[in-house]
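Just so we're clear, the structure is a prediction, and the values are computed from it rather than from any experiment. Values below: all heavy atoms of this structure, side chains included; hydrogens, waters and symmetry mates excluded.
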Amino acid sequence: MDVLTDILASLRLTGGVVIDAQTRGDFCLLSRFKDEDSERFQVRADELVAYHYIRSGRLYASVDGEPPIALNPGDIVLLPRNDVHLLYTRPGLTPIDSHEVIEAAPNGPARVLIDNGGDAVDFYCGFLGVSTENHPLLDSLPKMLKLDSSDDAHSDWIETSMRMLNEAGQSPEMVARVSELFFAEAIRRYMDRLPRGERGWLAGLKDPAVAKALAVIHSRYAEELDIETLAREAGVSRTKLGELFAELIGEPPMRYCGRWRMRVAANMLRDGKQNASNVAYSVGFNSEAAFTRAFKREYGEPPATWRRRVEDDAKKRVELAQTGLPQQVVRYARAEDGTRLAFSIMGEGPPLVKAANWLNHLEHDWKSPVWRHWLHEFARGHSLIRYDERANGMSDWDTPEISFEAFVDDLECVVEQAGVDKFDLLGISQGASVAIAYAVRHPERVRRLLICGGYAAGWAARGDPEEIARREALLTLTEVGWGADHPTYRQVFTSLYIPNGTPEQINWWNEMQKVSCSPEMRSSCSGRYR
């Protein structure tokens, strides 16, 4: 067994072919395997390696930031970090989400059937599940790897292996093993093409001494390794190994060894089969206290705390999969006046930016009986970018300015931080005027402007004296009772927003008011849009 095979074993790969695509004519698919795909096909994984095998026809694959790859019959393209990618027959076609055209099959893999009346392109899609997060091997690979069928020395076994993977009844162990073989072959070919003098983890595998040291570290992490042992195994002096290792890998051997040991420990904790004490001894520590200190240095929190957080995150992912919503990661931008703005990007596809409106909360909206349905629809086939308005939700509540100009500036700030150049812009209610103002500032960036429930004049301008008096009274009531534990005051406001709401919607909206905005800012924001 060579060094690369040893390293691949530490990834604990599982998976196989899950989709049989049969197409006719031109198409463009936006593709990326999701967490729910691994659950659907009963593959437990922390990360996924996607691949496509071309059986007939000609296809192109592309990811952002890299030139497209042409694929011919017998070729395999692998995406080591499961990046969002396009599969298309010719450039310029409008992409469709691959999940929208996947059909379940009673036996064998799921199917994609596209018939646009043209030449045939047939291919298999699959993934390898990786049970180790942030593995240095995956981090060192490019976004795409191509295993070229033109290499006659390898084309026959690749074709035979792919046929085997697509046969019903193959054991998961066999599928994982065959998939691992062509993944390893793709990596070997990539390593062979590395230019002389290249630095990095993969370059380290090409050096016999460093490769041997890496193999020992990865396979014997529970032993009390030291630099003398590694140098002896590698067949070089301590000084030579240290110099080579630091030059190619970027850090001393023992520091790498310590970080790898913590990574293995984290995987054991994530599995949930052992407590922290057993994990400590499994990775070579003589005491749990020493292990806890080392783990906290690496991950910033004790093992038990880290495990609870990871379990909570996994539970949230399951809940999201059940709602059909894509995973959300909340990030932060900083406005010019220092206000911190919470925003998120969810889904895949052309960007759709939603201008913030009053009373939103990026995380609380997630399970909302009021908002959830539109989150689901807008994220279908799009990258939905949304953010909490200043003084609302997860953005800073204590902010130096509440003004229309600040709201437009905040939209500008979030768009820049999200890194989108041209996008569709959605404005709802209060966000409608903000979206319009942004589109006037930046017409070259807004592809389409969608307005829903906006208004040209606020209630103080359009209302009659009775309506204005009622609204003013409501503002006073809000300042007094908004933050109270009892929902009576908030119920008054809820009845204005959703007078015919269900009990579930009313209860959620009452709670939403409490978690999304302070009484002072609620009064300020309401008064601002009179």
Start with the C-alpha gap between Tyr190 and Leu202, add the side-chain angles, then the distance that decides, and say whether side-chain contact (heavy atoms from CB on, under 4.5 Å) holds.
CA-CA 9 Å; Tyr190 176 75; Leu202 287 175; 3.5 Å; yes
I need the minimum non-hydrogen distance between [X] and [Y], along with the two atoms involved.
X      : Y      : value
Met394 : Val330 : CE-CG1, 4.0 Å
Ala379 : Met346 : CB-CE, 3.9 Å
Arg55  : Ala21  : NH1-O, 4.2 Å

Please list, chain by chain and in numerical order, all residues satisfying side-chain contact (heavy atoms from CB on, under 4.5 Å) with Glu223, sequence neighbours excluded.
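Per chain and number, Glu223 pairs via side-chain contact (heavy atoms from CB on, under 4.5 Å) with Arg220, Leu225.
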Qualifying residues under salt bridge (Lys or Arg N to Asp or Glu O under 4.0 Å), relative to [X], sequence neighbours excluded:
X      : result
Glu416 : Arg445
Glu301 : Arg309
Arg255 : none
Glu243 : none

Between [Y] and [X], is the closest basic N to carboxylate O distance under 4.0 Å?
X      : Y      : answer
Asp312 : Arg307 : no
Arg189 : Glu185 : yes
Arg111 : Glu103 : yes
Glu251 : Arg259 : yes
Asp119 : Arg58  : no
Lys146 : Asp75  : yes

Partner residues of [X] under the side chain to side chain donor-acceptor pair (under 3.5 Å) criterion, sequence neighbours left out:
X      : value
Glu298 : none
Tyr256 : Trp201, His218
Ser344 : Gln328
Asp226 : Thr229

Enclosure of [X] [atom1] (heavy-atom neighbours >12, cutoff 6.0 Å):
X      : atom1 : value
Asp64  : CG    : no
Lys422 : NZ    : yes
Lys296 : NZ    : no

For side-chain contact (heavy atoms from CB on, under 4.5 Å), just list the numbers for Leu29 and Thr23, CA-CA rounded to whole Å, side-chain angles, deciding distance to a tenth of an Å, and then say yes or no.
CA-CA 11 Å; Leu29 292 177; Thr23 72; 5.8 Å; no
Asp424/Leu450 under side-chain contact (heavy atoms from CB on, under 4.5 Å): CA gap, chis, key distance, verdict
CA-CA 8 Å; Asp424 298 337; Leu450 300 88; 4.2 Å; yes
Review item, side-chain donor-acceptor pairs of residues 279-291, under 3.5 Å, at least two apart:
| from | atom 1 | to | atom 2 | distance (Å) |
| --- | --- | --- | --- | --- |
| Tyr281 | OH | Asn286 | O | 3.1 |
| Ser282 | OG | Gln274 | OE1 | 3.2 |
| Ser282 | OG | Asn278 | O | 2.8 |
| Ser287 | OG | Ala290 | N | 3.1 |

Let me check something: any side-chain donor-acceptor pairs from residues 88-98 under 3.5 Å, sequence neighbours excluded? List them with distances.
| from | atom 1 | to | atom 2 | distance (Å) |
| --- | --- | --- | --- | --- |
| Thr89 | OG1 | Asp26 | OD1 | 2.8 |
| Thr89 | OG1 | Phe27 | N | 3.2 |
| Arg90 | NE | Asp26 | OD2 | 2.7 |
| Asp97 | OD1 | His99 | N | 3.0 |
| Asp97 | OD1 | His99 | ND1 | 3.4 |
| Ser98 | OG | Leu30 | O | 3.3 |

Go through the structure and list residues passing ring pair (Phe, Tyr, Trp, His ring centres under 6.0 Å) with Tyr299, not counting sequence neighbours.
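With sequence neighbours excluded, Tyr299 shows a ring pair (Phe, Tyr, Trp, His ring centres under 6.0 Å) to Phe295, Trp306, given in chain and number order.
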